[in-house]
Amino acid sequence: MSYAMSLPLVVDPIAGESATSLASRLAKLNGAPRLIAFCSDLGISHRRLTNGEPAEIEHIAALAGQAPEPLLFWTPQHFGPGWFNLGCARIKFTAFSRSLTRACPTCLQAADLRDPSFQAGHRGLWQLSSIRGCTIHSCALVTLPAPAANKDLYDFARLAERYVPAAAYRIPEGDWELERYLIDRVTKEAGHRWIDTLPFHVASQAADNLGVLLTLGPDTSRRGISDQQWIASGSAGYRVLAEGPNALLHALRDMKRGHVNDAGRYLARYRFFFDWLRYRDDDRSFDSLRDLVREFVWTNFPVAKGAKVLGQECPRQFVHSLSTAVTKTGITKRQLGRRLCALGLARQSGGELGFDIHDYIADEVIIKIASEFSGVVNATEAAAFLGIKCFMLTQLTRSDLIRTYASDEKALPLYETSTLTDFMASLERLREPGLPENGWLEIPTAAHRAKITTATAVSLIFLHMLPLRCPRREISGFRDPHVDVATLREAISLPEEGAVHPRRAAKILDVPAATIAAMLQRGHLDSIPVPRPSPGPPVLYVCPTAVTSFSNFFVTKNQAMQQMSGRHTPAVIEQLLEEYRINFSTTTEPIYRSDVLAEI
């Protein structure tokens with residue numbers, strides 16, 4: 001299509017100017033009272049021009065004697081329901097501010113508003129809500145007085161006539177980051193970062209609203225935010241989003257930290273940002289961001305199963321407050337609080353709950369605690385389990401011989417039945433089966449004879465692995481095992497780090513005493529020197545750790561033969577084992593390094 005030659009009176013081109021701004025300046029210069037009248041006189045559709053239809057843009061360019069390409073690039077062009085093209089970007093209408101007109105005050109002051117050739121233009125970028133500054137003059141845009149009729153909204157030259165000059169706000173250098181990014185998205189091909197994959201209106205609005213949350217807080221009123229605050233907030237939000245989704249989650253987590261004991265939950269922490277996102281539930285473009293935030297809320301706040309967050313029901317409760325954990329488990333608040341303190345997940349406080357949790361508690365932890373409490377007994381039940389009185393249990397507990405499940409100064413302790421069972425099993429492992437217990441005494445009685453406490457006697461028995469005997473087939477109660485008083489008295493003078501008599505170590509390990517003695521002399525077993533009652537060199541006892549770790553380093557011939565019997569004949573096994581033998585005298589049983597089984 002060809003147009004008439006340019007008008008006799010034309011204006012100079014302005015970089016980045018939109019077609020409606022150029023048409024408004026032409027109308028003013030050529031004496032038209034309004035842009036809409038100018039369009040009517042020249043056969044231009046005002047509606048199609050304001051929607052950025054290429055034919056009308058080209059017509060205006062021809063009238064101005066200018067090339068159409070810059071105007072086509074910088075004029076928002078409506079191409080489908082709710083969408084515009086601007087530069088290289090396809091942008092949803094919600095990213096535009098098309099109900100008011102903003103401009104650079106410095107540009108306006110530099111132009112003579114009374115001059116018909118008015119040399120200040122309205123840039124296409126300034127129609128974007130998140131573009132709030134003029135990059136040429138580094139100042140914030142101002143809103144021009146509203147027109148008397150909506151159809152005059154794009155008559156920039158006439159709107160500028162009513163502008164009252166005011167001091168320009170210079171934008172700090174550090175607050176340009178969002179605008180520079182958005183301008184790059186308009187003028188260049190999109191990049192490959194996470195934020196670049198978000199639609200333009202999602203990225204720009206997310207940066208603005210996240211930034212307000214970060215800089216002004218969750219309860220900020222949208223109406224009370226100044227242009228300067230929006231500018232600073234947008235860059236603050238962009239700096240987070242530019243680092244990717246993990247940076248966003250990290251920022252949300254930082255705002256949550258230290259507030260888990262407050263009455264408010266996630267809305268109290270993120271209300272401004274969350275409400276903005278919630279009211280975009282009819283726009284699928286926000287789904288990826290919405291899904292990310294929803295998953296964060298589900299997994300970081302005590303959201304009940306079935307409760308809706310950003311339009312979807314929570315599939316299960318991922319974390320708990322102290323109150324929801326009490327409701328789920330049926331455990332009292334005090335018992336649960338004490339257990340969480342023991343796990344390092346809470347601390348006692350003087351508040352209403354009596355406990356402050358460091359963070360909401362994972363559902364898996366609550367399930368584990370509930371399972372533990374199903375096997376937990378109080379002190380009376382624990383004493384009955386061991387067959388002793390409560391005062392005796394208290395002695396053993398205070399000496400750390402029996403570990404409590406949870407306790408504090410204001411409550412009776414609780415015990416896991418598995419802990420009580422392990423305590424009895426430790427006594428059982430020291431029992432010498434089939435040997436008479438004549439003259440041997442119950443541990444409390446023997447302790448009394450040795451003039452020590454029962455707790456001290458038990459500590460000595462475990463530390464030095466003293467032998468126990470029992471009239472029953474197995475130890476089922478604390479009073480079943482018997483100990484030799486003389487052996488117990490001797491243990492009192494043994495080194496505090498523990499020392500096991502060589503003959504005792506031999507019995508425990510089922511190895512000849514001569515072998516243990518030889519291993520001590522040659523340094524194959526860690527030894528503890530024990531002074532003799534009479535002058536002479538100390539006697540070498542076995543270090544308790546060497547007894548418990550013996551099987552990690554050594555294996556007897558019988559053990560090796562049994563474990564290798566399915567692979568070789570006995571003669572072949574003996575031949576293979578020979579190079580791994582630790583040589584002692586011919587009277588000792590062969591001992592081998594335990595790595596033999598892995599290498600043969």
Side-chain angles (χ1 to χ4, degrees), residues 1-77 86-87 98 100-128 131 134-137 139 141-145 147 149 151-165 168 186-187:
M1 180 182 294
S2 61
Y3 296 105
M5 295 178 61
S6 64
L7 295 171
L9 299 176
V10 295
V11 294
D12 294 333
I14 296 176
E17 184 178 24
S18 66
T20 52
S21 172
L22 175 60
S24 177
R25 292 199 296 133
L26 286 173
K28 180 177 180 179
L29 180 61
N30 285 277
R34 300 167 64 197
L35 172 60
I36 195 170
F38 176 76
C39 290
S40 178
D41 290 344
L42 296 177
I44 298 170
S45 169
H46 181 267
R47 182 183 63 80
R48 289 199 292 269
L49 176 64
T50 56
N51 280 336
E53 291 197 13
E56 305 303 326
I57 295 173
E58 291 172 356
H59 194 165
I60 292 296
L63 292 173
Q66 297 180 17
E69 288 79 12
L71 288 177
L72 290 167
F73 189 89
W74 290 113
T75 301
Q77 298 178 36
L86 178 60
R98 292 172 66 86
L100 53 84
T101 302
R102 295 172 304 146
C104 169
T106 307
C107 289
L108 293 176
Q109 291 176 24
D112 185 349
L113 302 182
R114 294 167 298 179
D115 185 348
S117 65
F118 184 57
Q119 294 301 308
H122 188 264
R123 303 175 192 280
L125 279 172
W126 293 348
Q127 290 190 36
L128 292 168
I131 297 295
C134 172
T135 56
I136 295 176
H137 297 108
C139 63
L141 304 180
V142 294
T143 301
L144 299 184
K151 288 186 176 181
D152 293 328
L153 182 65
Y154 297 96
D155 197 350
F156 175 70
R158 295 302 182 185
L159 292 178
E161 290 178 343
R162 300 169 55 198
Y163 170 67
V164 178
V186 170
T187 58

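Just the heavy atoms: all of them, side chains too, but no hydrogens, waters or symmetry mates, feed the values below.
- Across Gly121 and Trp126, no two heavy atoms sit closer than the pair O-CZ3, 3.5 Å.
- Checking side-chain atoms of His46 against main-chain N and O of Ala37 turns up no donor-acceptor pair under 3.5 Å.
- Closest of all the heavy-atom pairs between Leu71 and Ile57 is CB-CG2, 3.6 Å.
- Remark: Gln66 engages Pro13, Leu22, Ala64 in a side-chain contact (heavy atoms from CB on, under 4.5 Å) (not counting sequence neighbours).
- Taking every heavy atom of both residues into account, Ile60 and Ala23 meet most closely at CD1-CB, 3.6 Å.
- Counting heavy atoms from C-beta on, the side chains of Ile136 and Arg123 come closer than 4.5 Å.
- Side-chain contact between Leu49 and Tyr154 is absent, with no heavy-atom pair separated by less than 4.5 Å.
- Partners of Ser45 by side-chain contact (heavy atoms from CB on, under 4.5 Å), not counting sequence neighbours, listed by chain and number: Arg47, Arg48, Glu56.
- The distance from atom CG of Leu125 to atom CZ of Arg102, rounded to the nearest 0.5 Å, is 10.5 Å.
- Here the closest heavy-atom approach between residue Cys139 and residue Thr106 is recorded as SG-OG1, 3.4 Å.
- Annotation: side chain of Val186 is in contact with side chain of Trp74 (closest heavy-atom distance under 4.5 Å).
- Contact check for Phe156 versus Lys28: no side-chain heavy atoms found under the 4.5 Å cut-off.
- In terms of heavy-atom proximity, Pro105 sits nearest to Ala168 at CG-CB, 3.7 Å.
- Applying the salt bridge (Lys or Arg N to Asp or Glu O under 4.0 Å) test to every pair with at least one member in residues 31-43, sequence neighbours left out, gives these pairs: Arg34-Asp152.
- A 4.5 Å side-chain heavy-atom check between His122 and Ile14 finds every atom pair outside the cut-off.
- For the atom pair CG of Leu141 and SG of Cys104, the computed distance is 6.5 Å after rounding to the nearest 0.5 Å.
- Residues Val10 and Leu7 come closest through the heavy atom pair CG1-O, 3.3 Å.
- Annotation: side-chain contact (heavy atoms from CB on, under 4.5 Å) contacts of Leu159 (sequence neighbours excluded): Thr101, Leu144, Pro147.
- At least one side-chain heavy atom of Leu63 sits under 4.5 Å from a side-chain heavy atom of Ile44.
- Residues that satisfy the side-chain hydrogen bond (donor to acceptor under 3.5 Å, both in side chains) test with Thr20, not counting sequence neighbours, are Ser18.
- Distance check: Leu86 CG to Thr187 OG1 gives 10.0 Å after rounding to the nearest 0.5 Å.
- Arg158 meets the salt bridge (Lys or Arg N to Asp or Glu O under 4.0 Å) test with Glu161; sequence neighbours excluded.
- In terms of modelled atom types and a separation under 3.5 Å, the side chain of Asp155 and the main chain of Ile36 share no donor-acceptor contact.
- Proximity of Arg98 to Pro76: side-chain heavy atoms (C-beta onward) are separated by under 4.5 Å at one or more points.
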